[in-house]
A.B. asks: 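Let me begin by handing over the structure; questions about it come next.
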Amino acid sequence: MKRLIEPTLRPFTIFAGTIVVLALIDRGTGYFFSLATAFSVMQLFATLSLVALGLGLSMLIREFDLSVAGVVGLSGCIAVLTGADHPWFGLLCGLAAGIASGALQGFIMTRLQLSSVGVTLGGLLTMQGITYVLTGNRSIAYGNLPVALGLNAPIASILSVRSAVALAVFFAAAAVMAWTHLGRDVVATGSDRRAAMVAGVKTDRVVIGVFTASGAFAALAGVLLSYSLGAASPAALSDVLAPAAAAAIIGGVSVVGGRGHPLGIAAGVLTLSLLRSGLSAIGVSPHVHEIVTGAILLGIGILEGPDLARRVIAWRLNRTQLESLP
Amino acid sequence: MTAAIETERPPWRRRWLNGNARRRAVTAIRLFAFAALAIWSIATPGFVSPLSLSALMTAISFIGCVAVGMTFITLTGNIMSLSLGVTLSAAALVFLSSLALGIVGACIVAVLFGVAVSGVQGIVIGYFRANPILVSIAALALITGISELVTGGQRVYPTAANFAFFKSRIAGIPVTTLIFLGAVALGELILSGTRFGRAMRMVGSNWRAAEAAGLNAATVVTGAYLLAGAFSAVSGILLAARYGSGDMELGAGYDYSAIAAVLVGGTAIQGGEGSVLRTLIGVSVIAAVEVVLLLRGFPEELQYLVTGIIVLLVIMLHTIGGRE
């Protein structure tokens with residue numbers, strides 16, 4: 001029983017628990033257990049998961065990539081602007097922007113030994129600025145309707161091209177993390193950077209690589225989302241950071257680094273998506289979903305606080321001492 | 001995350017210039033940039049007019065109060081809060097809906113609301129040492145969700161209100177600006193003139209040393225968050241009074257603008273070093289750049305880009321100059 005709440009299994013336990021709770025609330029009315037709900041869960045998964053994966057990987061090496069929100073917006077706009085006639089070309093341009101920004105930020109961080117929060121904050125603001133300049137602060141429509149429809153057309157009634165791509169990226173990332181040297185180097189860098197360096201891991205390259213990957217994932221998410229929405233705007237996409245961080249944390253990624261797994265992050269994203277579409281399928285106000293997300297995030301944040309145990313022990317000691325007084 | 005910031009440069013890596021020369025070089029670059037901006041502004045036709053200066057001061061005021069609050073969070077080593085913008089919006093809504101108590105009463109209720117919301121985060125971050133960015137993201141989701149649920153996503157209009165005081169001028173200076181300058185003075189007084197202020201700096205530069213020196217670091221961090229909440233609420237009140245109504249979009253993006261101002265002013269992102277006066281400089285510099293770009297006929301969007309690049313450069317410059 002105890003194993004189920006261990007960090008490596010916790011995301012899957014939470015995921016299963018969410019399904020059970022939603023099923024209990026639903027009580028067999030059938031609104032929740034339907035293919036339509038499953039499809040909308042996977043659509044939400046497609047939107048959120050790649051950003052969460054990039055952010056989660058950066059947290060895995062004990063950094064924090066705030067710029068993912070900027071990359072999603074920027075590459076979405078670039079793709080819409082360049083890919084009207086040739087969607088593949090737009091996709092390439094968007095990906096290139098994400099990869100370039102990730103690599104550049106990683107390079108600045110490792111070269112100048114700067115904190116990732118500072119650099120990616122600057123990167124986020126800069127990228128938002130570029131997005132505003134490119135779009136002229138307007139929402140830009142994407143005229144290529146067949147692409148938009150094709151990306152969202154159901155495959156096997158649950159998936160769409162968008163969510164299938166996201167799933168494929170997740171399995172690839174999981175394979176890399178599980179079976180290659182690279183995966184072990186990333187975990188080592190996150191657990192103890194000095195020790196990893198001493199053991200011969202090229203930690204600087206790992207950091208640059210992770211931020212490049214994070215940029216690429218966020219860019220892919222932005223391009224797919226903008227294509228399927230048929231529009232891109234500089235402002236609309238910036239609300240992605242909070243749910244992505246929540247998904248990564250629920251997915252078992254620790255903010256102190258070294259712990260986390262792509263499949264766990266996937267379970268975290270699925271939990272959030274399930275909550276959102278499940279709650280609205282049952283007819284609860286969408287804002288309840290936000291409150292639940294915030295509460296879960298706050299709860300895990302408190303549980304992971306390094307001083308929590310000390311405070312609880314001190315408080316208990318105090319109480320027993322008080323009780324033992326005559 | 002603080003540990004990631006503290007990772008040291010490996011000794012075998014060579015650097016240009018030694019510590020002191022480097023620091024002097026960075027100071028020179030900073031002064032040069034500042035002088036260049038000043039000359040560029042004054043040379044811009046229309047910049048030194050009462051109208052433009054007054055617009056500049058008003059624009060500074062709203063963002064400035066939040067930035068003063070953010071300064072305390074950055075200074076105590078907690079990097080930034082992503083929830084000050086929604087705290088501002090929610091405080092504005094509280095202010096507008098409690099106007100039945102009179103303006104003064106509503107102001108007090110709104111500030112108390114900001115203090116409470118931010119203080120809870122401070123307790124969690126200070127006493128349990130939970131990750132500050134994570135907690136602020138959780139607070140962002142919680143405050144947004146609860147506020148939207150309570151208001152039903154509608155705009156809030158005041159029942160009976162007379163905001164003439166907030167729109168008036170004293171000795172030709174808008175009251176909004178005076179309140180902001182008062183906030184800066186109060187913040188600087190707390191930071192430089194009280195033991196609590198010194199304690200905040202110490203906790204920010206080295207948590208363990210501060211605890212060893214007998215400070216209760218957790219309480220100090222909680223205090224910093226209380227102040228941040230109070231100053232954000234003040235900004236919310238000013239914005240609500242200006243627009244005469246409010247919704248949760250009121251403070252959207254204010255967290256990023258505020259941290260940009262704090263960093264451009266030269267407060268260190270790893271904490272321990274900085275001041276409210278520096279934040280005032282940071283807010284002014286960003287606003288001046290925006291006004292100059294506007295007056296010279298550049299598109300509005302360019303402001304965002306320039307602000308972002310300035311923040312990036314300042315962070316790089318600061319860390320180069322500050323390292324031993």
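Keep in mind it's a predicted model, so treat the numbers as computed, not measured. Within every chain, numbering begins at 1; the chains are lettered A, B, ... in the order of the sequence lines, protein sequences first and strands thereafter.
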A.B. asks: Taking all heavy atoms of B:A130 and all of A:G301, pick out the closest pair and write down the distance.
C.D. replies: CB-O, 3.4 Å
A.B. asks: Between B:G308 and A:L125, which heavy-atom pair has the shortest distance, and what is it?
C.D. replies: CA-CB, 3.6 Å
A.B. asks: Would a 4.5 Å heavy-atom cut-off, applied to side chains only, mark A:R311 and B:Y127 as touching?
C.D. replies: yes
A.B. asks: To the nearest 0.5 Å, what is the distance between OG1 (A:T126) and CG (B:L312)?
C.D. replies: 5.0 Å
A.B. asks: Is A:I249 close to chain B through its backbone or its side chain, or both, or neither, when contacts mean heavy atoms under 4.5 Å?
C.D. replies: side chain
A.B. asks: Residues two or more places apart in sequence or in another chain: which of them pass side chain to side chain contact (heavy atoms under 4.5 Å, CB included) with A:S214?
C.D. replies: A:D65, A:V68
A.B. asks: For chain B, which candidate among A:L298, A:T120, A:V133 shows the most heavy-atom pairs at distances under 4.5 Å?
C.D. replies: A:V133
A.B. asks: So how far is it from B:F128 CZ to A:D307 CG, rounded to the nearest 0.5 Å?
C.D. replies: 9.5 Å
A.B. asks: Need one label for A:I300: side chain, backbone, both or neither, based on atoms under 4.5 Å from any heavy atom in chain B.
C.D. replies: neither
A.B. asks: So which atom in B:A141 and which in A:E290 form the shortest heavy-atom distance, rounded to 0.1 Å?
C.D. replies: CB-O, 3.7 Å
A.B. asks: To the nearest 0.5 Å, how far apart are CE in A:M127 and CG in B:L305?
C.D. replies: 11.5 Å
A.B. asks: Rounded to the nearest 0.5 Å, what separates atom CD in B:E301 from atom OG1 in A:T135?
C.D. replies: 7.0 Å
A.B. asks: Checking side-chain contact (heavy atoms from CB on, under 4.5 Å) between A:F64 and each of B:N131, B:I79, B:I133, which is the one that passes?
C.D. replies: B:I133
A.B. asks: Grab the two heavy atoms, one from A:G118 and one from B:I269, that are nearest each other, plus how far apart they are.
C.D. replies: CA-CD1, 3.3 Å
A.B. asks: Closest heavy-atom contact between A:A245 and B:I137?
C.D. replies: CB-CD1, 3.8 Å
A.B. asks: When rounded to the nearest 0.5 angstrom, what distance separates CE in B:M248 from NE2 in A:H287?
C.D. replies: 10.0 Å
A.B. asks: Is B:I143 close to chain A through its backbone or its side chain, or both, or neither, when contacts mean heavy atoms under 4.5 Å?
C.D. replies: neither
A.B. asks: With only heavy atoms counted, which part of B:L140 is less than 4.5 Å from chain A, the side chain, the backbone, both or neither?
C.D. replies: side chain
A.B. asks: Pick whichever of B:I146, B:V135, B:L302 has the most heavy-atom pairs under 4.5 Å with chain A.
C.D. replies: B:I146
A.B. asks: Give, as side chain, backbone, both or neither, the part of A:L124 having an atom under 4.5 angstrom from any heavy atom of chain B.
C.D. replies: side chain
A.B. asks: If I measure from the heavy atoms of chain B, does A:L134 come under 4.5 Å with its side chain, its backbone, both, or neither?
C.D. replies: neither
A.B. asks: Quick one: which of B:T307, B:L149, B:I125, B:V311 has the most heavy-atom pairs under 4.5 Å with chain A, could you say?
C.D. replies: B:L149
A.B. asks: Counting heavy-atom pairs under 4.5 Å with chain B, which one of A:I130, A:T293, A:L66 comes out on top?
C.D. replies: A:I130
A.B. asks: Any chance you could measure B:I315, atom CD1, to A:I108, atom CD1, to the nearest 0.5 Å?
C.D. replies: 10.0 Å
A.B. asks: With sequence neighbours excluded, what pairs up with B:I310 under the side chain to side chain contact (heavy atoms under 4.5 Å, CB included) test?
C.D. replies: B:V264, B:V289, B:V306, B:V314
A.B. asks: Counting only non-hydrogen atoms closer than 4.5 Å, does B:L263 touch chain A with its backbone (N, CA, C, O), its side chain (CB onward), both, or neither?
C.D. replies: side chain
A.B. asks: Side chain, backbone, both or neither: which part of A:A246 has a non-hydrogen atom closer than 4.5 Å to chain B?
C.D. replies: neither
